[in-house]
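Lettering follows sequence order; numbering is per chain, from 1.
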There are 2 protein chains.
Amino acid sequence: MLKKERHDFIMRQINLHNRVLTSDLVQLLNVSEDTIRRDLQELVDDGLLFKVHGGALSKSYHSSFDDSTVYARDSKIVIAKKTIRLIKDGMVVLIGGGTTILELVKQLPQHLGATFFTISPLVAVELAKYNNIEVILIGGLFSKNSQITYGGHVISQLAEIKVDLCLMGTSAIHPEEGLTDTDWEINQLKKAMVACAKKTAVLCISEKLDITLRLKVCPIENISYLITELEVEHESLAGYRAKELNIL
Amino acid sequence: MLKKERHDFIMRQINLHNRVLTSDLVQLLNVSEDTIRRDLQELVDDGLLFKVHGGALSKSYHSSFDDSTVYARDSKIVIAKKTIRLIKDGMVVLIGGGTTILELVKQLPQHLGATFFTISPLVAVELAKYNNIEVILIGGLFSKNSQITYGGHVISQLAEIKVDLCLMGTSAIHPEEGLTDTDWEINQLKKAMVACAKKTAVLCISEKLDITLRLKVCPIENISYLITELEVEHESLAGYRAKELNIL
DNA sequence: CGTGTTTGTGCGTGTTTGTGCAATAATGTT
DNA sequence: AACATTATTGCACAAACACGCACAAACACG
């Protein structure tokens, strides 16, 4: 591989991720650390990126993409880290939308090799930053509110696939009533998602526990994992521990 | 082997692989390194390729990367404003991806009521900001490079729809050779897009005029509108004026 | 035809560039 | 404070390069 090609590769990574780790580049490009460091230095000299300890940052990365505005972001990161343990190399995963999910995607390990189906364009774009992840976006009507695709076309496509794991955020969960929602279309969609997965994990910040809404998605028995930001032994989760689902 | 033949051979390699190594050429052509170096130098002088340590790179290869820095943004805004005149209330529009298109979407009038099909999640998200626009995202495999959906599934869905107007960016356009591209999948996709539209408008910054790439999308006759940032009377557009397409 | 010129090619030599290694310093982490 | 990770520096070596020269084939012209 020519030096220029490496430089272009690095710049692409930077433009995609806004950041890049020296160690990752060593692996990906299969050259010594020294070479990568020199490459980065040259790109800095050309004013194309920003070098920091451990890697480099995009120049246009004027830090913090209003990350702070994401509600309860810290909790969501905790949830994300727990969830990552469920995702193994080679898996086929169906993943929903929402800020919790988006945070999860940003925390995925760089080298993960898996196939992801998603109904969220934003999640798709974020997933595309990982080299070894194949992304399939399920198309259909696009919802302005929830920023996901929905409607009959989406549901019929979901009916045709079978995945190892489904990851979804939630509006409300209750030990007896299970998963519930308010919007008819979203409700239909979630039903279809649960139906096509061998196991389903629900990502849920604690304030959405023990709430019931009008429309039922599925009983608690259909859920395999409940992931919150709380300690596993936390008393708020007692009602769920009684059920047969894994709490992370 | 004649010098000219060697030059042609080198250019063919470049167009095929976007790159070539000096050492490979020495082997393939069975001449000394010096000769190859001289050949490359001459091709550089003719502006046909790009020389680097160890070999040479295609010229178009270079330009394919710096989209990410919202290159030539001013031109793209000019193009966007011209394009808006083509879009009328009630229309069904198929729209591609790329930075030029994205700029267009950002410039749309707030009250516009129309239906947009798109293969670009980013465009979908941007379109969703308009209240009176219905957005349908066409799903399929998601391309990491071009940030659009592609593949058989996309093409078969395109085959099922019929739209009033197709808006697409372009890699290369030439008065005789028409629309061309380098990537096989993108090429297939563009063909399908043109096929399902009554009229097609090509958005094209002037530096992509008069370029021919390896794969043909369609002849110039299949294009209804060519939109550049230049004045309609500009001399660069003379070759296109001779054809039967509207220049904006 | 002969002589001089141009062009294309290869060779030798010295220089530059790209890369990795090892020792050491700086920085982050626990 | 101890440790692990990441940076920096200087050095070595091979690959790639530029330049001048030599030679031969093709060409030009009287």
Side-chain angles (χ1 to χ4, degrees), chain A residues 1-14 16-59 61 63-64 67 73-74 77-78 80-82 84-85 106-112 131 231, chain B residues 1-14 17-59 61-62 65:
Chain A
M1 169 161 287
L2 299 165
K3 188 164 77 144
K4 183 77 171 67
E5 293 183 298
R6 266 199 330 268
H7 284 193
D8 287 337
F9 181 88
I10 293 172
M11 284 315 294
R12 199 163 44 183
Q13 292 293 314
I14 286 273
L16 246 41
H17 285 80
N18 282 320
R19 63 181 259 260
V20 78
L21 304 181
T22 311
S23 51
D24 283 348
L25 289 174
V26 169
Q27 283 218 346
L28 287 164
L29 295 170
N30 217 39
V31 290
S32 76
E33 264 183 31
D34 303 68
T35 301
I36 294 298
R37 254 187 270 286
R38 262 184 291 251
D39 285 342
L40 292 179
Q41 188 54 54
E42 283 162 36
L43 292 169
V44 167
D45 293 342
D46 294 350
L48 295 174
L49 48 75
F50 214 142
K51 202 147 135 333
V52 294
H53 194 98
L57 297 173
S58 160
K59 262 218 150 171
Y61 176 78
S63 86
S64 68
D67 272 345
R73 183 156 180 271
D74 292 345
I77 291 177
V78 174
K81 297 220 162 141
K82 289 185 185 178
I84 286 167
R85 299 206 292 264
K106 286 181 182 167
Q107 304 287 334
L108 286 175
Q110 192 65 235
H111 302 296
L112 178 66
N131 285 311
E231 300 295 321
Chain B
M1 170 162 286
L2 267 30
K3 187 161 78 143
K4 183 73 170 67
E5 292 182 294
R6 270 200 326 269
H7 284 196
D8 288 344
F9 181 87
I10 293 173
M11 285 314 296
R12 209 161 51 233
Q13 292 293 314
I14 286 272
H17 302 115
N18 278 327
R19 62 176 281 216
V20 79
L21 303 182
T22 311
S23 52
D24 285 353
L25 289 174
V26 169
Q27 282 217 344
L28 286 165
L29 296 171
N30 217 39
V31 288
S32 76
E33 267 184 31
D34 302 67
T35 302
I36 294 298
R37 252 188 274 284
R38 265 184 289 251
D39 286 341
L40 291 180
Q41 188 54 53
E42 284 162 35
L43 292 169
V44 167
D45 292 343
D46 294 350
L48 295 173
L49 47 75
F50 207 132
K51 204 148 142 315
V52 296
H53 194 99
L57 297 173
S58 155
K59 273 216 147 172
Y61 161 87
H62 189 56
F65 276 108

Asks: Is there a side-chain contact between K3(A) and H53(B) in this structure, where contact means two heavy atoms from C-beta onward sitting under 4.5 Å apart?
Replies: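 Side-chain contact under 4.5 Å: no.
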
Asks: Within less than 4.0 Å of OP1 or OP2 of dT5(D), is there a side-chain N or O belonging to S23(A)?
Replies: no

Asks: Is the shortest side-chain N/O distance from T35(A) to OP1 or OP2 of dG20(C) below 4.0 Å?
Replies: yes

Asks: For V52(B), answer base if it contacts any base atom (sugar-phosphate contacts may also be present), sugar-phosphate if it contacts only those atoms, and nothing otherwise; contact means non-hydrogen atoms under 4.0 Å.
Replies: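 Here V52(B) touches the backbone only, sparing every base.
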
Asks: Rounding to an integer number of Å, can you tell me how far Q41(A) CD sits from dG18(C) P?
Replies: 14 Å

Asks: Rounded to whole angstroms, how far apart are CG on L25(A) and P on dA7(D)?
Replies: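 Computing the L25(A):CG to dA7(D):P distance gives 11 Å.
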
Asks: Tell me which of R38(B) and G54(B) sits closer to the 5' end of DNA chain D, going by the nucleotide each one is nearest to.
Replies: G54(B)

Asks: Does D34(B) make a side-chain donor-acceptor contact with the base of dC11(C), cut-off 3.5 Å?
Replies: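 Answer is yes: a donor-acceptor pair is held.
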
Asks: Would you indicate whether Q27(B), at its atom CD, is surrounded by more than 12 heavy atoms from other residues, nucleotides or ligands within a distance under 6.0 Å?
Replies: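 Count not over threshold, so no.
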
Asks: Per the atom types in the model, does the base of dG8(C) pair as donor or acceptor with the side chain of R6(B) at under 3.5 Å?
Replies: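 Result: no qualifying N/O pair found.
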
Asks: Can you tell me the pairing partner of dA16(D) across any strand shown, Watson-Crick or G-U wobble, with both distances under 3.5 angstrom?
Replies: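 Matched dA16(D) with dT15(C) under the 3.5 Å cut-off.
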
Asks: Determine which nucleotide pairs with dG10(D), using a 3.5 Å limit on both distances of a Watson-Crick or G-U wobble pair.
Replies: dC21(C)

Asks: Just compare dG10(C), dA18(D), dT6(D) and give me whichever is closest to any side-chain atom of H53(A).
Replies: dT6(D)

Asks: Consider the side chain of S32(B), meaning its heavy atoms from C-beta on, and name the nucleotide among dT19(C), dG8(C), dG10(C) that approaches it most closely.
Replies: dG10(C)

Asks: Is there side-chain contact between L49(A) and V20(A), with at least one heavy-atom pair below 4.5 Å?
Replies: no

Asks: Going by heavy atoms in the side chains, are V31(A) and M1(A) under 4.5 Å from each other?
Replies: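 V31(A) does not reach M1(A) side chain to side chain.
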
Asks: Does dT8(D) have its OP1 or OP2 closer than 4.0 Å to a side-chain nitrogen or oxygen of K51(A)?
Replies: yes

Asks: If you check every side-chain atom of R37(A), which of dT6(D), dG8(C), dG20(C) has the closest atom?
Replies: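 Of dT6(D), dG8(C), dG20(C), dT6(D) is nearest to the side chain of R37(A).
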
